[in-house]
Amino acid sequence: MDVSHILDSLNDAQREAVTLPRSSSLVLAGAGSGKTRVLTHRIAWLIQTEGISPHSILAVTFTNKAAAEMRGRIEALLETPLRGMWVGTFHGIAHRLLRSHYQEAKLPQNFQIMDGDDQLRLVKRVTQMLGLDEKKWPARQAMWFINSQKDEGLRPQHIEDYGDVYLKTQVSVYRAYEEACDRGGMVDFAELLLRAHELWLNNPVLLKHYHERFAALLVDEFQDTNTIQYAWLRILAGEQDNLMVVGDDDQSIYGWRGARIENIQRFTSDFPNSTTIKLEQNYRSTGTILKAANHLIDNNAGRLGKELWTKDGDGELISVYAGYNEIDEARYISERAKQWVADGNRHSEAAVLYRSNAQSRVLEEAMLRARLPYRIYGGQRFFERAEIRNALGYVRLISHRDADAAFERVVNLPPRGIGGKSLEEIRRRSRTEGISLWRAAGQLSTDEGVTGRTRNAISGFIALVETMDEETENANLEMLVETVIEKSGLIPYYEKERGERGQARLENLAELVSAARTFNPDEDLSFDIATTDGEPMSMLDEFLSHASLEAGEGQGDPNQDCIQLMTMHSAKGLEFPVVFLAGMEEGLFPHSMSLEEPGRLEEERRLCYVGVTRAMQQLYFTYAESRRLHGTDSYNRLSRFVSEIPEELLQEVRVQNTVSHRHGISSKTVITETDIAGFTLGQRVHHAKFGDGVVLNYEGQGKQARVHVNFSEGSKWLMVSFANLQTVG
DNA sequence: AGTCCCCCCATTTTT
DNA sequence: TGGGGGGACT
């Protein structure tokens with residue numbers, strides 16, 4: 001068969017990786033080196049030349065987006081839909097396994113997936129139940145503890161507390177939480193992975209089946225795997241030596257949520273027969289940008305080692321701009337972005353990346369002032385919105401009456417007279433009888449010891465859910481969701497909410513109906529499973545699982561031509577012709593919270609490396625000499641990360657006559673930006689009425705020019721042509 | 001039940 | 001500086 005289309009477009013290293021004989025391998029893929037290409041071409045190669053059935057291939061990613069993209073690209077390569085191949089996220093695949101083998105996994109057939117919000121609520125309830133002081137034992141912290149333990153593969157009985165009160169308490173919360181999950185048939189994200197791992201540990205026959213089934217295992221972004229994910233992969237690979245992992249230790253930026261960079265670092269010793277291939281040729285950035293990235297990351301110890309290079313030229317120097325303050329920094333960025341567009345480029349080709357979300361507001365304001373369309377990534381996602389979760393709470397109760405999380409969420413929403421006291425009573429009953437909240441509510445609705453009013457309210461709610469269930473018995477998904485929204489009373493409830501907020505919520509509910517209409521489950525994973533001890537999931541349960549596992553898009557229309565604003569974390573995997581890295585200051589980036597441990601500082605440096613390598617043509621570092629943060633001004637030095645880049649790759653941008661030059665880099669190349677309206681930032685001025693002040697910002701030109709001046713009585717925007725400002729020496 | 005106020009807090013995010 | 005959560009008050 002002619003396979004030239006699979007190999008033709010590849011460089012030597014890529015081709016070697018794609019055509020590797022079937023044994024374990026590590027593909028160390030630098031930023032922009034064609035990682036996804038290798039992965040997808042490898043799979044196409046296995047299918048077309050090695051004759052491996054798609055059915056025998058498992059490809060794992062971290063995000064749904066990556067999984068969808070991989071599937072799409074393989075299908076494009078093969079020019080045929082991929083049937084039977086498992087492509088999915090760790091969580092998605094673990095979920096399918098547990099559905100198929102729920103008995104072996106000791107789960108109820110219709111177990112429910114809790115997302116982070118459900119989990120937090122449940123943990124909170126558990127800490128309350130244990131009588132813990134919520135101030136001293138915040139639910140967030142307990143949740144974090146539980147998840148970290150699960151990520152490490154630990155159950156409560158595995159944790160040694162050494163008599164330590166903190167550990168002892170957290171373990172007791174973990175234990176009680178676990179009981180609550182079991183009682184309600186609920187499973188959190190970390191549990192999906194842990195259970196899937198235990199499923200194989202405890203069921204050799206099942207494991208053997210999957211050993212025989214999979215001829216090739218492929219993992220994307222391997223540097224982001226946590227302990228349990230790697231353990232799961234290893235047990236699945238067994239002695240078969242069929243695991244190909246692709247990743248980049250220099251881009252490991254998720255240690256704080258359990259990712260273990262050690263996994264990729266020790267892969268070759270765990271798989272002594274494995275081959276390592278480095279992809280170092282970069283197809284994205286200019287030589288200058290790559291040199292900067294290489295120098296920067298060279299400051300980290302214990303790297304596997306990799307040096308990016310390009311056949312293309314050096315391109316432009318990297319610009320460094322020292323803003324007078326964060327407003328000036330943002331102004332500079334918006335100005336450069338505007339220039340970029342004026343030069344005939346698209347808005348969406350420019351990205352502003354920052355370390356923390358708090359930085360986005362000032363940047364946003366600058367974009368608004370400059371009349372530049374922008375999009376901020378990382379807002380709330382569709383299935384995470386309160387109104388969506390509320391509507392789905394009812395749906396969940398229809399499918400699963402014992403879903404306590406859903407019960408708590410909607411029992412009094414919209415308000416129907418089941419307040420805190422009644423709910424407390426229901427909870428107590430549920431606890432003492434060891435039954436779900438729904439059942440406890442059922443008992444109370446006929447209990448003479450409860451006031452008639454409460455009984456009525458509770459039976460009203462029970463009747464509501466029962467009616468919804470009956471009326472939608474033969475309905476399709478769309479009708480079901482529609483009916484539930486109508487009957488629940490959520491619509492009038494949100495209509496009362498004033499402002500655009502309520503309107504937006506109603507629109508989202510309408511959107512939920514349409515999501516239900518177009519929903520179509522992932523057939524490859526749901527029906528092509530090894531053993532069939534369960535019936536296929538109902539469409540309803542498929543939809544609910546989907547809502548938990550895939551939060552949907554964030555806000556904003558991705559198709560619009562907008563300047564892209566996002567954190568450096570969310571920029572991973574993306575690329576832009578122009579990139580601004582904002583807030584390059586000690587304390588902000590590297591963040592002060594990461595300064596104590598060397599390991600965390602290195603992770604910050606990797607994050608910076610990720611940021612730098614997003615840029616294709618032009619890269620800007622900007623920082624603010626003074627920054628208002630949490631209400632107080634701080635004066636930060638230039639980030640060490642900028643200092644770690646050779647001076648000859650940098651050029652400093654400066655406003656003429658700028659007063660202070662506190663921590664500037666001593667670069668030889670300095671280009672100046674002409675000031676506007678005769679004022680420079682930081683300049684002291686005098687006003688007849690307001691007295692002395694400092695110029696913070698300016699905008700416009702000629703008669704329209706305005707300056708933002710900070711006087712002792714506050715800051716003001718003044719028209720230059722009227723204000724008659726005097727400069728003060 | 002809903003509103004208001006005060007206090008506390010303050011990286012990064014996917015599933 | 002501002003947002004969120006919890007408690008108190010109406």
Side-chain angles (χ1 to χ4, degrees), chain A residues 60-67 88-95 113-121 124 128 133-135 138-141 144 147 150-151 187-194 196 221 224-226 228-229 252-259 326 353-362 377-381 383-384 386 412-422 457 493 496-498 545-552 554 566-573 583 587-595 600-601 603-604 606-608 610-611 627-634:
Chain A
V60 197
T61 64
F62 276 85
T63 64
N64 294 298
K65 200 174 141 204
T89 62
F90 278 101
H91 292 87
I93 288 166
H95 170 232
I113 303 171
M114 278 187 294
D115 64 16
D117 195 73
D118 296 328
Q119 192 188 16
L120 184 62
R121 284 161 172 261
K124 188 173 273 178
Q128 282 166 350
D133 179 357
E134 288 180 73
K135 287 261 151 42
R140 288 204 161 279
Q141 204 175 42
W144 183 84
N147 288 339
K150 289 192 179 184
D151 284 347
V187 166
D188 61 44
F189 289 135
E191 183 75 22
L192 288 170
L193 303 174
L194 183 49
E221 303 277 19
D224 288 337
T225 50
N226 63 29
I228 195 72
Q229 285 162 335
S252 163
I253 55 173
Y254 287 112
W256 51 274
R257 65 176 198 212
E326 76 278 7
L353 311 183
Y354 37 84
R355 174 66 235 265
S356 75
N357 288 307
Q359 290 169 254
S360 68
R361 205 167 83 232
V362 179
Y377 283 74
Q380 218 184 11
R381 327 269 292 283
F383 284 109
E384 287 167 354
N412 201 31
L413 202 125
R416 51 173 69 89
I418 308 177
K421 272 209 336 241
S422 317
Y493 176 67
K496 276 194 302 186
E497 197 172 350
R498 58 183 182 278
S545 301
H546 169 83
S548 300
L549 285 173
E550 192 161 356
M566 68 189 85
T567 64
M568 290 186 220
H569 280 93
S570 21
K572 192 166 92 151
L588 189 61
F589 191 37
H591 198 279
S592 51
M593 310 281 297
S594 316
L595 290 176
R600 303 194 61 190
L601 177 66
E603 182 159 307
E604 293 281 295
R606 292 193 291 270
L607 181 59
C608 186
V610 166
R627 179 178 298 273
R628 181 143 264 229
L629 205 60
H630 310 320
T632 43
D633 287 320
S634 55

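Throughout, protein chains are lettered first and strands after them, A, B, ... in sequence-line order, and every chain is numbered starting at 1.
Checking the phosphate oxygens (OP1, OP2) of B:dT15, no side-chain nitrogen or oxygen of A:N147 falls inside 4.0 Å. Residue A:R381 places at least one side-chain N or O closer than 4.0 Å to OP1 or OP2 of B:dT14.
Using the six-membered ring where Trp is involved, A:H546 and A:F383 have ring planes that are perpendicular, over 60° apart on the 30 and 60° scheme.
Among the heavy atoms of the strands, none lies under 4.0 Å from A:E191. Nucleic acid contact class of A:N357 (heavy atoms, under 4.0 Å, all strands): sugar-phosphate only. At a threshold of 4.0 angstrom between heavy atoms, the contacts of A:K124 are confined to the sugar-phosphate backbone, with no base atom among them. Residue contacts shown for A:N412 are limited to sugar-phosphate atoms, with no base heavy atom under 4.0 Å away.
Using a 4.0 Å cut-off between a side-chain N of Lys or Arg and a carboxylate O of Asp or Glu, A:R606 and A:E603 qualify as a salt bridge. With respect to the salt-bridge test (charged N to carboxylate O, under 4.0 angstrom), the residues A:R381 and A:D115 do not qualify.
Taking 4.5 Å as the limit, every side-chain heavy atom of A:K150 sits out of range of all side-chain heavy atoms of A:F189.
Set against B:dT15, B:dG2, B:dT11, the side chain of A:L549 has B:dT15 as its closest nucleotide. Of the candidate nucleotides B:dT13, C:dT1, B:dT15, B:dT13 has the atom nearest to the side chain of A:W256. Distances from the side chain of A:R361 to the nucleotides B:dA1, B:dT13, C:dT1 place C:dT1 closest. Relative to the side chain of A:S570, the nucleotides B:dT13, B:dA1, B:dT12 differ in distance, and B:dT13 lies closest.
If you check distances only, the side chain of A:R355 does reach the base of B:dT12 with a donor-acceptor pair under 3.5 Å.
Rounded to whole Å, atom C1' of B:dT11 lies 18 Å from atom CE of A:M566.
In this structure, A:H569 does not count as stacked on the base of B:dT12 under the 5.5 Å centre distance and 30° plane angle limits.
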